[in-house]
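Everything below concerns the one structure shown next.
All figures in this text were calculated on a predicted structure; none of them were measured in a lab. For ligands, and for the atoms within them, numbers begin at 1 and follow the listed sequence.
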Amino acid sequence: MPGRKTRRILVTGSCGQIGSELVGELRNRYGNESVVASDIKPEWDGESEGPFERADVLDDGRLREVIRDHGIDTIVHMAAILSAKGEREPQAAWKVNVGGLMNALEAAREMGLSQVLCPSSIAVFGKGTPRENTPQETVLKPSTMYGVTKVTGELLCDYYAEKFGVDARGLRYPGIVSAETLPGGGTTDYAVEIFYDAVEKGRYTCFLREDARLPMMYMPDCINATIQLMEAEPSGLKHHGDYNVAAMSFTPAELAEEIHRSIPDFEIDYDPDYRQKIAESWPSSIDDSAAREEWGWKPAYDLERMTEDMLERLRKRHEAGALYK
Ligand code: SER
């Protein structure tokens, strides 16, 4: 996959679960100075070296200042409030997720940027959506504010692409499992927490039911999917902001069983809370054939390979006394 070496990329929400690793990979491909990390947090705590700017995505003026100062042509807009936190603070979720994206799209339109990539989510699905092998084109009636903001985001990307010619793209992430930065405020976060607790305590109490099957993806695949879509030739794309992508689906019980194979004493129990209802409103598996056909998407990790890799990484950190960095 040849990178366009001339890009100047701004990543918002860089200190988050996905942003922190995406920035590193983008810097490998485009050069450290060409990728500006930004976040509402005061400092960059990621591994890679390169520019960092503190910026609130709701501060339009500041966003444009960063774009101007660094000659940015591509925005990867990762800043968002996730599903579970969004149910506690629905007004803030709307403001940050929709207001932040509008600022990014408007900056792109007015300043003539080449591309905006904004992730969507399986949370766009809900009542009336087929839960198995959920199609690309289907009913989008989410029951969470997070889902409402993500449907809106998809529509905004489509609108800006068609009305103003902004190259706005997006993909519907499933739950993302990763070893570097903990997720925060999501319904699929259990699938990360479980690994930390397995390594640290040998036991985990899950906030979803044992049979809550959800689509999931390991971080290296998530990073690849994101960069592949960014770099895909526009002529091959029939969609803009809403590509289904999938890698695997599992239940908490199945994930626990897989962990059990390498930690035989591992124990799990279940204490479902309000997040169970959110999980029940989402698909259990996803049809991602449009992404496969239009830009060559193909995941590399299944449950077994992901579990092996997660445990290896976290065990090493645990032994070094740095499980939670
Ligand atoms: N992982 C997200 C969440 O749980 C869904 O996109 O909120």
Under a 3.5 Å threshold, I'd like every N/O contact between ligand 1 and protein atoms, with atom names and distance.
unit_1   : atom_1 : unit_2 : atom_2 : d
ligand 1 : 1 (N)  : Thr188 : OG1    : 2.8
ligand 1 : 4 (O)  : Ser83  : OG     : 3.4
ligand 1 : 4 (O)  : Thr187 : N      : 2.6
ligand 1 : 4 (O)  : Thr188 : N      : 3.1
ligand 1 : 4 (O)  : Thr188 : OG1    : 3.3
ligand 1 : 6 (O)  : Ser121 : OG     : 2.6
ligand 1 : 6 (O)  : Tyr146 : OH     : 3.2
ligand 1 : 7 (O)  : Ser83  : N      : 3.1
ligand 1 : 7 (O)  : Ser83  : OG     : 2.6

Please determine whether a side-chain nitrogen of the Lys or Arg among Arg27 and Glu33 lies less than 4.0 Å from a carboxylate oxygen of the Asp or Glu.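 No, this pair does not count.
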Charged N to carboxylate O below 4.0 Å: is that the case for Asp288 and Arg292?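 Yes, this pair counts.
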Under 3.5 Å: donor-acceptor pair, side chain of Arg172, backbone of Asn244: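 Looks like no, no N/O pair under 3.5 Å.
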Side-chain touch Glu65/Glu53, heavy atoms, less than 4.5 angstrom: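 Result no, sub-4.5 Å side-chain heavy-atom pair not found.
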Looking at the rings of Trp295 and Tyr243, which for Trp means the six-membered one, are their centres under 6.0 Å apart?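 Here the rings of Tyr243 and Trp295 have centres that are less than 6.0 Å from each other.
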Cation-pi between Arg275 and Phe207: NZ/CZ under 6.0 Å from ring centre and within 45° of the ring axis?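 Ring-cation test returns yes.
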